[in-house]
2 protein chains.
Amino acid sequence: MKNFHHVDYCPVRDILSRLSSKWAMLILITLNANGTMRFNDIQKSIGDISQRMLAVTLRTLEYDGLVGRKVYPEVPPRVEYNLTERGQGLIPYLEGLIGWAITNMPQILDERAKKEMIV
Amino acid sequence: MKNFHHVDYCPVRDILSRLSSKWAMLILITLNANGTMRFNDIQKSIGDISQRMLAVTLRTLEYDGLVGRKVYPEVPPRVEYNLTERGQGLIPYLEGLIGWAITNMPQILDERAKKEMIV
DNA sequence: AACATTAGTTACATCAATGTAACCTACTAA
DNA sequence: TTAGTAGGTTACATTGATGTAACTAATGTT
């Protein structure tokens, strides 16, 4: 029986735990779609993310080098975010997942609805 | 500014919220690697998943038609799990993500380590 | 002097996900 | 009759993720 992980440390689990936060993928996709964006732009684009969670999530993405952050020393402050090369490299795989979701969700929802009726 | 989601309902968020549980992708990958497996096989293969979380996660995967469940009316019970066609369709995209993780994690870890030193 | 601006931070509350341990069934073997 | 088996479930505790609201800095505008 093949076993695809070390219980100790697994890079896949590691990266998935980052991406699987509620907002991470959404932010990456948004930045990819729009290019460079300011903090408030991202927040408006996503619509229902709190200031706090946007800040928190951007920090972890920046920490892992997926997102770049550029501060302009102005008042009021201006901060621009963009995908790094590494972040861009991740996009095709996220889009693969998204494409699959869009293709398959209608039927999944359909089936879910039928199951709810029984319950 | 492009906006890729409805705040109300978004199939991508929906499916991601399922996949981004701690164990879901791992179970899918494990089933893909091994074919049909029994409950205890999956648990042993993953190694550190609790009985409860394996049961819970398998239920949601089954609910969305990604995993099939076949019960043999024997004692002690025998239950076999396998990927459905839909589940198999998801695998290439998961593997894309995994491949990216394996490729990129070494450098990410390297950078993290350097940042820790400063903190 | 008071107000608006942008990009946050902080303390705190709450909700969701996960973990632990005990229990269950129905049958077989010792 | 007691123990073992496979595949769970249940109640409960704990951890982790997310949300809310108030606050901040430094400057320009009214």
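So that the names make sense, note that chain A is the first sequence line, chain B the second, and so on, each numbered from 1.
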For this session: For Ile49(B) and dA17(C), give me the distance from atom CD1 to atom P, rounded to whole Å.
Result: 15 Å

Exercise. Between atom CG in Leu54(A) and atom P in dT10(C), what is the gap in whole Å?
Worked result: 16 Å

Problem set entry | Enclosure of Glu85(B) CD (heavy-atom neighbours >12, cutoff 6.0 Å) | no

For this session: Starting from C1' on dT6(C), measure out to CE on Met37(A) and report it in whole angstrom.
Result: 15 Å

For this session: Grab the CD1-C1' distance between Ile42(A) and dT6(C) for me, whole Å please.
Result: 13 Å

Exercise. Does any non-hydrogen side-chain atom of Tyr63(B) lie less than 4.5 Å from one of Glu111(A)?
Worked result: no

N/O-N/O pairs, protein side and nucleotides 2-7 of chain D side, under 3.5 Å:
from	atom 1	to	atom 2	distance (Å)
dA6(D)	O3'	Arg38(B)	NH2	3.0
dA6(D)	O3'	Pro77(B)	O	2.9
dG7(D)	OP1	Arg38(B)	NE	2.9
dG7(D)	OP1	Arg38(B)	NH2	3.3
dG7(D)	OP1	Val79(B)	N	3.3
dG7(D)	OP2	Asn40(B)	N	3.2
dG7(D)	OP2	Asn40(B)	ND2	3.3
dG7(D)	N7	Gln51(B)	NE2	3.3

Problem set entry | From Leu31(A), Leu94(A), Thr57(A), Ile46(A), residue fulfilling side chain to side chain contact (heavy atoms under 4.5 Å, CB included) relative to Leu26(A) | Ile46(A)

Exercise. Among Thr30(A), Leu54(A), Ile49(A), which one satisfies side chain to side chain contact (heavy atoms under 4.5 Å, CB included) with Trp23(A)?
Worked result: Ile49(A)

For this session: Considering only NZ, NE, NH1 and NH2 on the basic side and carboxylate oxygens on the acidic side, decide whether Arg59(A) and Asp64(A) come within less than 4.0 Å.
Result: no

For this session: Write down the distance between NZ (Lys70(B)) and P (dG8(D)), rounded to a whole number of angstrom.
Result: 15 Å

Name the pairs: protein N/O against N/O of nucleotides 15-18 of chain D, kept only if under 3.5 Å.
from	atom 1	to	atom 2	distance (Å)
dT18(D)	OP1	Lys22(A)	N	2.5
dT18(D)	O4	Arg52(A)	NH2	3.4

Exercise. Looking at Lys115(B) and Asp110(B), does any basic side-chain N land under 4.0 Å from a carboxylate oxygen?
Worked result: no

Exercise. Is there a side-chain contact between Leu66(B) and Thr60(B), using heavy atoms and a 4.5 Å cut-off?
Worked result: no

Exercise. Salt bridge between Asp48(A) and Lys22(A), side-chain N to carboxylate O under 4.0 Å?
Worked result: no

